[in-house]
Amino acid sequence: MITKSSKSKPSSTAMDPVIWSKLPQELLEHILCFLPLKTFLSLRSTCKHFNSLVFSPTFITKHSSGSGLSSFLLLSHQQFYSHFPLYDTIIGSWRDLALPFSLFPPFGSSQFTLISSSNGLLCFALPSCCSFLVCNMLAKSSRVIELPFFPFSFELLTLVSTPKGYKIFTLCTKFSSNRAFVYDSVVHSWTEHDGYQPLLFENFHQQGAFYDGSLCFTTPEPFSVVCFDLGTGKWGNLNVEMPRELTFVRLVSGVSDRKKLYMLGGIGRNGISRSMRLWELKEGKKWEEIERLPELMCRKFVSVCYHNYEHVYCFWHRGMICVCCHTWPEILYYKVERRSWHWLPKCPWLPDKWSCGFRWFSFVPQLHALA
């Protein structure tokens, strides 16, 4: 029979400081990545290094993937005052986001509209203050951006995050020839550029798709893709042959580095879509069809929008291409890796009588996103 030696010492759960003090820095940060966000934030006061990690994009990116930090599909509607329903795509449940009015300027919290989002940043229009507001809800930081002039009518506003901050693109409809305006958070100023003819406003719910340093838009029939270079302020054309018998098209930029461009479109005649298909731009030279929407889903979607495709818009969210309609409270989405189509369940807090004004956004909280 085997017995324990009387001389053996009981095991201790205490961590030997001599051993743990020699832990490699990269291994320590890897362990911290798996802590819940709330727990990690409470450790910031223990040492300067832990506090500095909050502002490290590399660490926050690792933490987001390692800890399962939630990402959300955010629903905005004019009858939800100061609250936004959030669908948690990690755990598959609904939550509620209440806006902290401390982020808004005086008199700015009485009227606001969410108009764009990008990598943890939200952009609001504040008509009463003649300005925009960009904020990071997680970091509780915000910036008020005055309009170039007043009155300023804008369309196709798109917020684009950059490694050093963000840019805001919009077309102004005040001028007969229309003009493009770009705000750069690095220099805190607007620049004015030529607009584009023909007008792009037919797809007024669709934002630009950021691809290879440019914002891409589709023109009304005959359909084509035009690009606005955010660096040079110049317009150009994507000289790629478009599929035939298109009834409508929408662009989506994919993956975090935005080096993929997808196109969703309807195929049919006389403005009636008989099918919906998804294409990917291959090597910047041709559109390659990668998927078709199942027939039953297609019938439901075209009946939802009543063939008024100007209400249809798309966006990218964590490996998903989301297809939405301004008049319908559900999202049709495509999981790129699984190559499968799904419907997002309707928000349980929506009354049945609401029939229009639904705007969805991708919201991925990030501490390091600079507002």
Side-chain angles (χ1 to χ4, degrees), residues 70-76 86-90 92 116-119 156 158-161 203 205-212 214-218 223 225 227 238 240 242-243 246-267 273 275-284 286-302 304-305 309-346 358-364:
S70 293
S71 62
F72 305 94
L73 293 172
L74 184 152
L75 173 59
S76 173
L86 301 175
Y87 183 77
D88 191 324
T89 58
I90 300 296
S116 189
S117 67
S118 181
N119 286 347
L156 303 177
T158 307
L159 175 68
V160 179
S161 62
N203 305 334
H205 295 299
Q206 179 70 37
Q207 300 185 16
F210 187 62
Y211 169 71
D212 197 23
S214 297
L215 281 177
C216 299
F217 303 88
T218 56
F223 298 112
V225 178
C227 307
L238 189 64
V240 179
M242 302 290 280
L246 288 170
T247 54
F248 76 94
V249 287
R250 298 293 183 268
L251 300 175
V252 182
S253 54
V255 302
S256 58
D257 56 5
R258 296 156 177 168
K259 291 185 178 180
K260 287 191 176 183
L261 187 65
Y262 297 94
M263 181 173 69
L264 178 89
I267 297 294
S273 296
S275 67
M276 288 175 56
R277 305 178 188 182
L278 186 66
W279 296 267
E280 182 182 344
L281 184 64
K282 292 294 185 179
E283 300 178 353
K286 65 175 182 178
W287 291 108
E288 181 178 297
E289 182 179 326
I290 60 174
E291 199 64 54
R292 297 189 182 189
L293 182 64
E295 183 178 356
L296 291 179
M297 285 187 166
C298 183
R299 288 181 181 179
K300 176 180 177 178
F301 188 82
V302 297
V304 161
C305 62
Y309 304 117
E310 67 271 15
H311 295 301
V312 177
Y313 58 98
C314 303
F315 61 88
W316 176 270
H317 176 80
R318 286 285 178 95
M320 298 159 47
I321 296 176
C322 301
V323 188
C324 314
C325 183
H326 189 63
T327 59
W328 190 253
E330 298 180 40
I331 285 183
L332 173 67
Y333 63 95
Y334 175 73
K335 290 187 175 181
V336 176
E337 290 188 358
R338 295 185 180 180
R339 302 188 64 179
S340 59
W341 295 90
H342 308 270
W343 284 100
L344 184 77
K346 180 182 176 181
F358 303 102
R359 290 302 311 273
W360 292 90
F361 301 88
S362 173
F363 179 47
V364 184

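When reading the values below, keep in mind they use all heavy atoms of this one structure, side chains included, and skip hydrogens, waters and symmetry mates.
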Side chain to side chain contact (heavy atoms under 4.5 Å, CB included) for C322 and W360? Distances and angles first, verdict last.
CA-CA 9 Å; C322 301; W360 292 90; over 6 Å; no
Applying side chain to side chain contact (heavy atoms under 4.5 Å, CB included) to M276 and F248, what does each step give before you reach the verdict?
CA-CA 9 Å; M276 288 175 56; F248 76 94; 4.2 Å; yes
Could you give the distance from CG (L238) to CG (D212), rounded to the nearest 0.5 Å?
10.0 Å
Contact check, side chains of W328 and F301, non-hydrogen atoms, under 4.5 Å:
no
Does any part of the side chain of H342, heavy atoms only, come nearer than 4.5 Å to the side chain of M320, both counted from C-beta?
no
Which heavy-atom pair separates F361 from S76 by the least distance, and what is that distance?
CE1-CB, 3.9 Å
Answer whether the closest heavy-atom distance between the side chains of L215 and L156 falls below 4.5 Å.
no
Looking only at non-hydrogen atoms, find the nearest pair between T89 and F72 and report the distance.
OG1-N, 4.5 Å
Please walk me through it: do W287 and V225 pass side chain to side chain contact (heavy atoms under 4.5 Å, CB included)?
CA-CA 12 Å; W287 291 108; V225 178; 4.3 Å; yes
Interatomic distance, C305 atom SG to H326 atom NE2 [nearest 0.5 angstrom]:
13.0 Å
Would Y309 and S273 count as having a side-chain donor-acceptor pair, cut-off 3.5 Å?
yes
Side-chain donor-acceptor pair under 3.5 Å between S117 and S362, yes or no?
no
Evaluate side chain to side chain contact (heavy atoms under 4.5 Å, CB included) for T327 paired with F358, printing each intermediate quantity in order.
CA-CA 6 Å; T327 59; F358 303 102; 5.8 Å; no
Please tell me if the side chains of R277 and P243 come closer than 4.5 Å, counting only heavy atoms from C-beta onward.
no
Just wondering, do V252 and L264 contact through their side chains at under 4.5 Å, heavy atoms?
no
With a 4.5 Å heavy-atom cut-off, do I290 and Y262 have their side chains touching?
yes
Report yes if the side chains of I267 and T247 come closer than 4.5 Å at any heavy-atom pair, otherwise no.
no
Heavy-atom pair with the smallest gap, counting every atom of Y211 and C216:
CB-SG, 4.1 Å
Any non-hydrogen side-chain atom of H317 less than 4.5 Å from a side-chain atom of S71?
yes
Roughly how far, to the nearest 0.5 Å, is the CZ atom of R292 from the CH2 atom of W279?
8.5 Å
Closest heavy-atom contact between E310 and R250?
CA-NH2, 3.7 Å
Just checking, R359 and Y313: is the charged tip under 6.0 Å from the six-membered ring centre and within 45° of the axis?
yes
If you round to the nearest 0.5 Å, how far is SG of C314 from CE of M263?
11.5 Å
Specify the closest pair of heavy atoms between P294 and W341, including all atoms of both residues, with the distance to one decimal.
CD-CD1, 3.5 Å
Heavy atoms only: give me the nearest S116-L159 pair and the separation to one decimal.
OG-N, 3.0 Å
Can you tell me if K346 has over 12 outside heavy atoms packed within less than 6.0 Å of its NZ?
yes
In residues 329-338, what donor-acceptor pairs under 3.5 Å come from side-chain atoms, sequence neighbours left out?
unit_1	atom_1	unit_2	atom_2	d
E330	OE1	K300	NZ	3.3
Y334	OH	E291	OE1	3.2

